[in-house]
Number of protein chains: 2
Amino acid sequence: MVSERFPAPVDLDLRLVQCFTVVAEHRHFGRAAEALHTTQPSLSRQIRRLEQQVGARLLDRTTRGTRLSEAGEVFLPRAERLLRDAAEAMARTRAAARPGSITVGYTRGLVVTAAVRALRDRHPDAEVHTRLLDWNDSRGALLEHRVDAVVTRLPFPTDRLRVTVLHDEPRVLVVPRDHRLAGRESVTLDDIADEPIPHVRQSDPLLNAYWRLDPRPDGRPAPEGPLVEALEDKHELIAAGRAVAIGPPLDHATGLHPSLTTVPLRGVEPSQVVLATRAGDRGRLVTAFRKHAEELLTGTHRAGPARTP
Amino acid sequence: MVSERFPAPVDLDLRLVQCFTVVAEHRHFGRAAEALHTTQPSLSRQIRRLEQQVGARLLDRTTRGTRLSEAGEVFLPRAERLLRDAAEAMARTRAAARPGSITVGYTRGLVVTAAVRALRDRHPDAEVHTRLLDWNDSRGALLEHRVDAVVTRLPFPTDRLRVTVLHDEPRVLVVPRDHRLAGRESVTLDDIADEPIPHVRQSDPLLNAYWRLDPRPDGRPAPEGPLVEALEDKHELIAAGRAVAIGPPLDHATGLHPSLTTVPLRGVEPSQVVLATRAGDRGRLVTAFRKHAEELLTGTHRAGPARTP
DNA sequence: CTGGTGTCATACGCGGACCGTATGACGTGT
DNA sequence: ACACGTCATACGGTCCGCGTATGACACCAG
């Protein structure tokens with residue numbers, strides 16, 4: 001009979017848990033190892049260690065890849081929650097230790113330099129960090145305290161957040177340089193009515209529908225395109241001439257693929273660039289950054305004067 | 001300007017978090033190290049590593065001991081939650097992997113052998129574990145899935161639990177062998193009206209009040225006694241003649257201090273030995289154990305026939 | 001049946017991290 | 001001023017986990 005007196009000291013390595021979530025996502029040790037910047041044997045051992053710590057086999061290895069076992073299905077959501085909670089605990093603790101610190105997030109193609117510089121000038125003692133975020137990570141990054149303010153584009157769920165529109169941004173068509181529409185002054189939806197537009201798996205369905213303009217204003221569904229994993233894959237696909245996409249007005253300095261170009265898209269609602277912070281956040285630096293952003297980040301991409309709708 | 005692309009891989013070692021909670025509890029590196037079965041320098045380094053991972057100073061070391069810093073106050077409750085969640089995730093995953101396994105918890109002085117043996121006989125393929133629990137840990141151990149059933153004594157909060165009374169148990173007075181009341185057939189509350197009764201810090205206030213019989217039936221508060229950390233300390237205190245206590249009918253085979261003895265206490269409500277499981281738990285083995293416990297564990301300490309109030 | 005391909009597991013040498021012992025620095029109370 | 005108790009640092013030894021190379025095994029095609 002096994003009897004133990006002390007609550008077994010928690011022996012669960014969160015780094016291994018993180019490895020597990022990545023393997024569960026890829027269902028493949030080799031590719032997961034690549035994503036984790038390690039090697040397949042090392043990852044294999046890490047999963048083995050994790051399984052030993054948990055005391056249950058989490059993955060069913062087959063010769064054609066890897067699947068979650070029944071226990072793995074139980075563990076995965078809890079593992080993800082543990083990782084989120086751990087990250088939030090660290091972020092909030094750090095924030096409590098350094099009230100004179102703020103992290104500003106932004107997404108590709110948006111420039112927060114002016115507002116950040118203004119904040120640094122007015123608060124020379126403050127630590128101001130900036131952080132590039134994934135397209136669909138703004139809300140999570142705020143709520144998990146990885147950042148304290150975000151400049152990004154709608155749409156995303158805004159509850160528990162305070163969101164202020166900074167300016168409109170026209171949507172543009174992204175095509176290869178040698179596409180039939182490349183070089184045009186502008187295009188309309190009619191010009192691309194039959195062009196397939198890819199789905200991005202990593203993005204929210206809301207976000208996919210918004211940027212694919214699905215459904216179209218006339219109510220028809222957007223032409224289905226292939227499913228790609230990440231935005232980079234989408235750009236590769238476009239460069240290969242297999243699809244086009246609609247996006248914000250990126251240029252080659254802010255992450256646009258070298259062999260792609262953009263054409264203004266007329267006749268559709270522009271996207272909106274917003275400043276978002278946590279709804280209840282009354283922090284000194286957050287408030288100050290709001291002020292500077294609302295003042296300096298309006299109309300960045302427009303020739304005309306700033307306007308706040 | 002610091003910009004990072006990837007969500008910083010969670011680098012938080014839960015073993016270090018565990019160390020932190022223990023140091024926070026003891027406010028003393030040396031004693032915390034002892035509790036963790038390690039040495040003070042090692043613990044000092046572990047806390048340093050944790051502070052480096054979190055990115056904030058968690059403890060204010062002084063020459064008179066150690067206190068929580070402001071950041072530490074923020075981190076501590078989250079740390080404890082992380083550890084609980086991690087333990088629960090592991091327990092539930094293990095349970096999912098081995099549906100033919102059950103862990104039965106019990107507290108000192110209670111014997112579950114009969115029911116456990118019956119369960120093993122009827123389910124020879126099942127893994128049946130037993131686990132000695134702290135007095136005030138029954139509810140937590142159940143809800144965190146460290147155990148699936150518990151035999152222990154009231155009182156404790158019973159919501160989200162299914163609790164069945166197995167039998168009554170007289171409360172007894174615990175005194176040194178050479179105490180004036182030792183050897184008496186029985187005593188009443190009047191005999192000990194002025195005897196100081198210690199508080200146990202590790203126990204719930206509810207539990208302290210119950211076993212100290214505070215307030216007494218006549219409405220008067222129980223005489224205050226010293227504050228001790230753990231039950232073992234209380235027994236040492238009684239052995240030293242500095243206090244007496246009221247407890248369940250332990251004997252020397254089930255954890256009673258060698259130089260102590262017990263005297264039946266008349267005229268007070270007996271305590272109740274109960275079987276507790278999670279309210280929603282419909283597990284095959286749990287149900288089976290309930291049956292055997294209700295059948296075999298009633299009246300264990302009474303000469304008379306079993307009875308289920 | 002047999003060779004090829006792709007999967008995950010294992011063998012092995014090495015570097016780095018962590019531990020325990022011994023000792024130091026430092027504020028505190030007598 | 002001295003002794004005491006607390007936490008920090010120095011140092012050598014050990015073990016753990018990584019990366020490279022290789023193996024075992026299932027599947028597929030011919």
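Sequence lines set the chain letters: A, B, ... in the order given, protein chains first and strands last, and positions in each chain run from 1.
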Using a strict cut-off of less than 4.0 Å between a Lys/Arg side-chain nitrogen and an Asp/Glu carboxylate oxygen, indicate whether [X] and [Y] qualify as a salt bridge.
X	Y	result
B:Glu73	A:Arg92	no
B:Asp137	B:Arg146	yes
A:Arg84	A:Glu88	no

Side chains of A:His199 and A:Glu224: any donor to acceptor distance under 3.5 Å?
yes
Side-chain donor-acceptor pairs of residues 93-102 of chain B under 3.5 Å, sequence neighbours excluded:
residue: B:Thr93; atom: OG1; partner: B:Ala89; partner atom: O; Å: 2.6
residue: B:Arg94; atom: NH1; partner: A:Val54; partner atom: O; Å: 2.8
residue: B:Arg98; atom: NE; partner: B:Glu127; partner atom: OE2; Å: 3.4
residue: B:Arg98; atom: NH1; partner: A:Gly55; partner atom: O; Å: 3.3

Heavy-atom side-chain proximity of B:Val17 to B:Leu83 below 4.5 angstrom
yes
Categorize B:Arg45 for me: base, sugar-phosphate, or nothing, with a 4.0 angstrom heavy-atom threshold over every strand shown.
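Result for B:Arg45 = base.
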Is the distance from OP1 or OP2 of [N] to the nearest side-chain N or O of [X] less than 4.0 Å?
X	N	answer
B:Thr66	D:dC7	yes
B:Ser44	D:dC7	no
A:Ser42	D:dG17	no

Given atom [atom1] of [X] and atom [atom2] of [N], what is their separation to the nearest angstrom?
X	N	atom1	atom2	value
B:Leu43	D:dT6	CG	C1'	13 Å
B:Glu34	D:dC7	CD	P	13 Å
B:His26	D:dC7	NE2	C1'	17 Å
A:Gln46	D:dG17	CD	C1'	8 Å
B:Arg15	D:dC16	CZ	P	11 Å

Would you tabulate the nitrogen or oxygen pairs shorter than 3.5 Å linking the protein to nucleotides 26-28 of chain D?
none

For B:Thr38 and for A:Arg61, locate the closest nucleotide of DNA chain C by heavy-atom distance; then report the residue assigned to the nucleotide nearer the 5' terminus.
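Final value for this comparison: A:Arg61.
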Considering residues, nucleotides and ligands other than B:Arg61, do more than 12 of their heavy atoms fall under 6.0 Å from its CZ?
yes
Heavy atoms of chain A, cut-off under 4.0 Å: which first and last nucleotide of DNA chain C, 5' to 3', fall inside that, if you could look?
C:dG6 to C:dA11
Closer than 3.5 angstrom, by distance alone: can the side chain of A:Thr21 be matched with the main-chain N or O of A:Gln18 as a donor-acceptor pair?
yes
Are any side-chain N or O atoms of B:His26 and backbone N or O atoms of B:His28, one a donor and one an acceptor, separated by less than 3.5 Å?
no
B:Arg48 vs A:Gln40, nearer the 5' end of DNA chain D by closest nucleotide:
B:Arg48
